[in-house]
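Scroll down for the structure; my scribbles are underneath it.
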Amino acid sequence: MTSNSTTKTLVKTFLRTPHSLKTKFQAKQLLAQFLKTQPYSPSSTSILISVYSNFNLLHPSLFLFNSLNSPPLLAWKSIIKCYANSGHFLNSLTCFVQMRSFGIYPDPNMFPLVLKACVFLKNLRLGESIHGCIIRLGLDFDLFTGNALLNMYAKFQSLQPNGGRKVFAFNVFDGMPKSDELCGTSAQEKGASIIQLESMTKVLEMMPIWDVVSWNTVIAGNAQNGMYEEALRMVREMGNANMKPDSFTLSSVLPIFAEYVDVIKGKEIHGYAIRHWFDSDCYIASSLIDMYANCARIEDSCSVFNLLSKRDDISWNSIIAACVQNGVFDEGLKLFRQMLTAKVKPRDVTFSSIMPACAYLTTLHLGKQLHGYIIRGGFKDNMFIASSLVDMYAKCGNIKAARWIFDQMEHQDMVSWTAIIMGYALHGHARDALLLFKQMEMDGVKPNYVSYIAVFTACSHAGLTDEAWRYFNSMSRNHGIKPGLEHYAAMADLLGRAGKLEEAYEFIGSMHIAPTGSIWSTLLSACRVHKNLELAEKVANEIFKVDPENVGAYVLMSNMYAAARRWKDAAKMRIFMKKKGIRKEPACSWIEVKNRVHTFISGDKSHPLYDRIFEALKDLLEQIEREGYIPDTNEDFHDVDEEQKKYMIFSHSERLALAFGIISTPAGTTIRITKNIRVCVDCHTAIKLISKVVQREIIVRDNSRFHHFKYGKCSCRDYW
DNA sequence: ATAGGGTTAG
């Protein structure tokens, strides 16, 4: 009995000073004692609920709350807070509205919570009606409430474009809404964004004092809505008001300089961050990583990451994305593996960041593994991820899988359409690509800059000059897209491949932006294919004017001179190259066998199975010679005799990879090879015949497209 | 009460 009365006193003491409880465990013990010893009174129950909600113990709080017939303010407040803090914003708001219907008025520090819930549920209407409630209660002078309102209007401003949101009339004081109304996205009227901006200004004007949070909220609001200059102006003004920018301020400012590609200003901010000890802050670090990556300063991104003592999931995502966006794919994949080793769980963003690395490197096995992970993790409906999967499967040579993913998507956006169109284009299925483009337009999805690159790529690989012209002309007329370098390059390439060399030359000359070396280069290689040395010389001169270090042009000219037996001119080109110290990139092919990538360069004997590869090559050569193969040595310009040339072609990198693929995989397996430069004519002929004699499908991806070899034919119909 | 990372590109 004594012990019971002691407990009673103890419980009473705790209820009088609930803050003396320090752990969840103590709180739970208190509940047990309370249930044993106390008669239920609304006020003591409310105190207990508030204890639980402070520890974010939702279920015990609800248990007690439901035992009350007419809960007092403290009980409502605690339960609303507990719901909001455990992410149940809808329940939190429903509870708030219920409380109002009981005729209970909220107290000042409840508003920030419910406003946050409105932001989360994208429910502007409810937020506005709560704002009305705040004004009526005269609480708009409260700093915290004011800041929460500022935040709400700032967030809704950035939700504006492409609204189509459901409108419903609802007032906090009118009673209960249905739950689907509460989570529904709210009003989208014309000029709504301006209204929100005005609301923000009005709130700001009403507030008697502004603190750092007020400034940061408004700065972030401007920065996230593309009003960069206004945001920067406010940062300066904030300084004039004797308010020091903190880490929150910096993480609004850094993305602006990333967008501006202004590494000088970005570095200044980095310096400020170091001086104020913000550089070890994960938020600042990931913004810095992103800023440097956007400015093509990947080394600086890496050093920020390496100096970070604590890394969260977003720090990892940022550095992985930074590597992939800068073309450092191996490093990106390495970091991804390190992230997994460090037991950091990949998020949706991780997958859409890493996937392009698989696409560029043609590492299908890795892409498939990631795809498995995506399905298991429940990420497959994410638009970004699905688009990157479409792209990955297409680039890894599996256009059917790409199409399957594309068709599985619930909605297709412009990026996913563009990815699948580009996929078909790269595989030489020009008609399918153009058909999809029409379907996209019929679906009401507007093409953008990149979509048209895909269209021209498709036309280019099938020689569809008339269609290409039509699209080129309608691009700006129908969609207001001005042709840029990539479009000009694709058009020039298209005309060149189709043999319309003079037309291409004039086309490049008439561009409204200055042509680059790479645009002229597409025409130069067309000149080689169509053996027009005279025009080639003119084009090469243009290249050397804008890009005197262009390796490809020297090599190409040298080869063309050699083919025309103008040895002196050929030698001159080689000497120029030597003087400038520029070297040709070696031709290289790779193939995946049993989840490993095997790389070959031309004439390479270093592979452990080289002897067997050589035997296989000889064997294949005999077989295809029986099918009528005659080596075409025209494209090999080494100054050696024909027999040697035959041998040199015979050991081109793609053939080594192919022979290795044939001897190391079961009969009938599809072989996928990737090459860093264009396949030569002779290899193309040889691989066609090899596909026939070994009865296999062979897929070769070079630097610009796919070749599917089957039954002695290639999908490009010898046009590439 | 305020903050960070993502898909398509000859």
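Convention: sequence-line order gives letters A, B, ...; per-chain numbering from 1.
With a heavy-atom cut-off of 4.0 Å to chain A, the contacted part of DNA chain B has its first and last nucleotide at B/dA1 to B/dG10.
Side-chain contact between A/Y153 and A/E128 is present, with heavy atoms from C-beta onward closer than 4.5 Å. At least one side-chain heavy atom of A/L495 sits under 4.5 Å from a side-chain heavy atom of A/W469.
If you check every strand for non-hydrogen atoms under 4.0 Å, A/S287 touches sugar and phosphate atoms only. Counting non-hydrogen atoms under 4.0 angstrom, A/R705 reaches nothing in the nucleic acid. Counting non-hydrogen atoms under 4.0 angstrom, A/S247 reaches a base of the nucleic acid. Using a 4.0 Å heavy-atom criterion, one finds that A/P255 contacts no nucleic acid atom at all. Across all strands, A/A490 comes closer than 4.0 Å only to sugar-phosphate atoms, never to a base (heavy-atom distances). Across all strands shown, A/Q412 has no heavy atoms under 4.0 Å from either base or sugar-phosphate atoms. Base engagement by A/D211 is indicated by at least one non-hydrogen atom pair under 4.0 Å involving a base atom. A/D493 comes within contact range of no nucleotide atom at all, as no heavy-atom separation falls under 4.0 Å. The residue A/Y488 sits apart from the nucleic acid: no heavy atom pair falls under 4.0 Å.
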Return all side-chain donor-acceptor pairs below 3.5 angstrom for residues 282-291 of chain A, not counting sequence neighbours, or 'none' if the list is empty.
residue : atom : partner : partner atom : Å
A/S286  : OG   : A/C282  : O            : 3.1
A/S286  : OG   : A/Y283  : O            : 3.1
A/S287  : OG   : A/Y283  : O            : 3.1

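Residues passing the side-chain contact (heavy atoms from CB on, under 4.5 Å) test with A/N550 are A/S521, A/I543, A/D547, A/A553, sequence neighbours excluded. Residues forming a side-chain contact (heavy atoms from CB on, under 4.5 Å) with A/S86 (at least two apart in sequence, or on another chain): A/N56, A/L58, A/H88. A/Y452 is linked by a side-chain hydrogen bond (donor to acceptor under 3.5 Å, both in side chains) to nothing, counting only residues two or more places apart in sequence or in another chain. Residues that satisfy the side-chain contact (heavy atoms from CB on, under 4.5 Å) test with A/L364, not counting sequence neighbours, are A/K368, A/M392, A/Y393, A/C396, A/E592, A/R672. The side-chain contact (heavy atoms from CB on, under 4.5 Å) search around A/S352 returns A/F384, A/I385, A/S388, not counting sequence neighbours. A/S518 is linked by a side-chain hydrogen bond (donor to acceptor under 3.5 Å, both in side chains) to A/T516, counting only residues two or more places apart in sequence or in another chain.
Within residues 306-321 of chain A, the residues that have a heavy atom under 4.0 Å from DNA chain B are, in order of number, A/D312, A/I314, A/N317, A/S318, A/A321.
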